[in-house]
Amino acid sequence: MSEDNVDQPEDAIDAEIVELIEHDIDALVQERNEFKDIALRLQADFENYKKRVTSNMSDEVDRATGRIADSLLPVLDACEAAFAHGADGVEPIWSALMAALLKQGLVALDLLDKPFDPTTSEAVVHEEGGGGEPIVVEVLRTGYEWKGRVLRAAMVKVRG
Amino acid sequence: MAKAVGIDLGTTNSVVSVLEAGEPVVIPNSEGARTTPSIVAFSKAGEVLVGEVAKRQAITNPDRTFRSIKRQMGTTWTSDDIDGKKYTPQEISARTLMKLKRDAEAYLGDTVTDAVITVPAYFDDAQRTATKEAGAIAGLNVLRIINEPTAAALAYGLDKSSHDETILVFDLGGGTFDVSVLEIGDGVFEVKSTHGDTHLGGDDWDQRIIDWLTQQFKSAHGIDLAQDRMAVQRLKEAAEKAKIELSQTQQTQINLPFITATAEGPLHLDESLTRSKFQEMTADLVERCRVAFDQAIKDAGLTKSQIDHVILVGGSTRMPAVQELVFNMTGKEPNKSVNPDEVVAIGAAVQAGVLKGDVKDILLLDVTPLSLGIETKGGVMTKLIERNTTIPTRRTEVFTTADDNQPSVEINVLQGEREMASYNQSLGKFNLVDLPPAQRGTPQIEVTFDIDANGIVHVSAKDRATSKEQSMTITSSSSLSKEKIEEMIRDAESHAEDDKRRREEAEVRNNADSLVYQTEKVLKDQGDKVTEEEKAAVEGPLGILKTAIAGNNIDDIKAATETLMGASQEFSQKLYETAARDSEAAGTSASGASGAPNDDDIVDAEIVDEQ
C-alpha cells in the first residue's frame, strides 16, 4: 500500500510533466504553422505582385503613349473638319499624320450605320426611331482606338 | 489571399483602393481609369452598364439610366418598372460596387471580399444601412461604413497624433460641396459639424466657362452655340480642359476650329482666357464655399485659429482660387499631398487594412536607417547594405587581399553615408586569420551582412579556400536617435563633393598601386625576354609612378599611371613580337598588365558577382 503511494505521486508528476510538454508542443506547432502560413502567403503575394507589375508595365507604356496620341486627336479633328469644308492642301498633311499614327497603333473607328455601341461611341443627339435597335446615323466626331483600347469614343447621332 | 478594399462610393464618381504591403494603391477599372462614374444603366437588351459606358448611352436611354443615385439612398424611392422589376437605390448602387469589385479582382488577380465603404458625415441611419445593403448585394462583406472626412483624415495618418486635434475637411467634388469639422482624440474621430451645398461642384465652374464662350461667340458671329448639340459637347470638354489648365497656368487658349458653319462657310472659336478673368466669373461660387465654411466653424463652436489641420478633398480643390480661400479662411496651408480625387478611397483602404488585421505587428517591417559596409583599401567605405533597406535582409559579397601572402583580413564594420571609412561610425572590428599564402587578389573572402528583424547585425567573413570563418554580432546599430541619423545623412550630403573627391583619390591610388605591382611582376617574370633598353622604357615610368604614389599630388599619380600604362602596353607588345613564347607565359603577362586597375575599388580586386 505504502509502496503504491510512493509510486503514484511520481507517476502523477511524470504524467503532469508530459502533459505540460505536450501542451507546449501543441502551442509551438500551432505558432509554427501560423508563421509558415504567413511566410507562404507573403511569398505568394510577392510573386503575384511581381507578375502583375510586369504585365501592367506594358499596359502602362501603352497608356502613356496613348496620352500623346490623345493630345493629337484635336489636330486630326481639325483636319477632318477642314477637309469636309473643302479647304485646300489639308488632305496630304492629314494623311501623313494619320499614316504615322496608324503605324504606331491608332485606329479610326468606322461606326456609321452600325448598331450603336456605348463602348465605342457617345450619343450626343438622339432621334426617336422606328423602335428597332439604335443605329448610328451620323458620326459627329471620329472615335479612335489606341493599341486595342478605346482612346476616345466617337461622338454620334443615334436613331432608334 | 483575399484582399480588403476601401471604396469611395461618390455621387458622381467612385474610387476603389487596396492596401498592398501596407501601402494604399488605387485600382484602375477595366477601362484603365482610376475613377468610375457612378452611373448605372439598363440597356434595352437588359444588359447592365456601369460607368463611362452608361454615361455614353444616357440620352438614348434616359428612363433606364441612373445618375447620382446616392442622393436617393435611404429613401423609399424606386425606379420605374424595368423589365418587370423596380429597383431600389441600393440595388442600383450595388451595380457600381459590383463593377468596382470585378475590376479590382481582375487587376489584382485575387478575390476581393471585404470592404470599407465611405458615406458623407451627414448620412443618417437609413442612408448608412442602405449603403451597407448595397455592399451586401454586390457580394461584399462590408467591414464598416465610415465617414468621408474621417477617411480623408486617415489617409493623412492624422489618427496617429498624440493629443487631441481639430481637423477641417474641405470637400469640393464634381457636384457636391461639404465642409466638416472633426475632432480626433485617442485615435477616435468625432464629427463636430458639417455643412455644405449639395449642388455645388466642379461642373458649375465648367458651366461658367461654357456660358462665357457661348456669349463671346454670339457677340462675334450672332450664332447661339447652345442650340447645337455637337458644339455644346465640344464646349463642355474644352471648358473642363481650360479650367484644369488654369490651375497650372495664368492663361489658356481655347481653340475649337470648325465649331459650326453657316451658309457663308465654317466658323471657328478661338478664345484666350486668363486665370483672373476665370476667377472673376466664378467669384460667387467661391463665395458660396466661404459661407458654408463659416457656418461649419460656427456650428462646431470654434474659432478658425483652433483648427489644427486642413484637408482638401475632391478634384475641384486644385483650383487656386479655392486653395486661396481655404488658406484665407483658416490661416493654414492645407494637406493636399494625397491626390484629392483619391484620398477618401485611400483612407477607406487604410481602415480596411486595420480592420482586416492582416498587418499584424509581427509583420510590420523596419528599415535600416543608415548604410552598412566595411572598410576597403584606401580607407574607403564599401557599402553592402544601403540605408532604407527593409529588414530582415542579408547580403554577401566576395572580397580579396591587398598584398601578397596577406595572412589575415581585418573586417571593420562601418555604419554611415560618408565615402571614407574614417568619417563613418565603426561598429566593430574583427580579423579572419590564417589565410593560406597566395598572391594578392587571389583569395576569395565571403563577407556576409545579415540583419534580423530586430535590427541586430551579424557580420561574417569566410575564406572560401579553407572554409575558415569569423564573425561578430552588433546589437547597437539601431540605437542611434532619429536626430543623429538625420544629422549623419545631412552631413553626407553637404560633404558629398569632398567625399567624392577623396574616394576618387583613393581609387587613383589603388589603381596606381595595382599597376605598380603588376608591372613589377611582369618585369620580374618576363624581364629576361627583352632588351635592357626595352626594360628601361618601363622602369623609368615605373619609378616615376612610385615616387608620385609616395607624394601627395593626385594629378601627378594619375599622369604617372597613364604614362606607365602606355609604357607597359608597349612592353607587352614587345613580348608578343619577341616571337615564340609558350602562349601561357604571354597570356599571363598580357593579362597581368591589363587586368588590374579597372576592377571595382573593393578590398582590392574584383567583386565576384554574388547574391
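Predicted model, so just to flag it, every value in this text is computed and none were measured. Atom set for the values below is all heavy atoms of this structure, side chains included, hydrogens, waters and symmetry mates excluded.
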Could you tell me the separation between the [atom1] atom of [X] and the [atom2] atom of [Y], rounded to the nearest 0.5 Å?
X	Y	atom1	atom2	value
B/D110	A/Y49	CG	OH	15.0 Å
A/I135	B/T60	CD1	OG1	12.0 Å
B/R229	A/K157	CZ	NZ	10.0 Å
B/M230	A/R141	CE	CZ	5.5 Å
A/T119	B/E31	OG1	CD	9.5 Å

Testing the basics here: between [X] and [Y], what is the closest heavy-atom pair and its distance to 0.1 Å?
X	Y	result
A/H85	B/A261	NE2-CB, 3.5 Å
A/A78	B/F258	O-CE1, 3.6 Å
B/I59	A/V124	CD1-C, 3.2 Å
B/G32	A/R149	N-NH1, 3.4 Å

Are more than 12 heavy atoms from other residues, nucleotides or ligands located less than 6.0 Å from atom [atom1] of [X]?
X	atom1	answer
B/D80	CG	no
A/D88	CG	no
B/K44	NZ	yes
A/R159	CZ	no
A/E47	CD	yes
A/I93	CD1	no
B/K101	NZ	yes
A/K147	NZ	yes

TODO: Mark yes or no for whether B/R56, through its side chain, and A/P118, through its backbone, hold a donor-acceptor pair below 3.5 Å.
DONE: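 Present.
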
TODO: For A/E122 and B/Q233, run side chain to side chain contact (heavy atoms under 4.5 Å, CB included): C-alpha distance rounded to whole Å, both residues' side-chain angles, the deciding distance at 0.1 Å, then the answer.
DONE: CA-CA 10 Å; A/E122 184 178 358; B/Q233 199 56 41; 3.5 Å; yes

Check whether [X] gets within reach of chain A through its side chain, its backbone, both or neither, counting any heavy atom under 4.5 Å.
X	value
B/L49	side chain
B/E52	neither
B/E47	neither

Open item on the list: Heavy-atom cut-off 4.5 Å, strictly under: side chain, backbone, both or neither for A/F46 against chain B?
Closed with: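 When you check distances to chain B, no heavy atom of A/F46 falls under 4.5 Å.
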
- [ ] Answer with side chain, backbone, both or neither: which region of A/A87 has an atom nearer than 4.5 Å to a non-hydrogen atom of chain B?
- [x] neither

Open item on the list: I need the residue from A/P134, A/S121, A/A84 with the largest number of non-hydrogen atom pairs under 4.5 Å to chain B.
Closed with: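 Most heavy-atom pairs within the cutoff with chain B belong to A/S121.
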
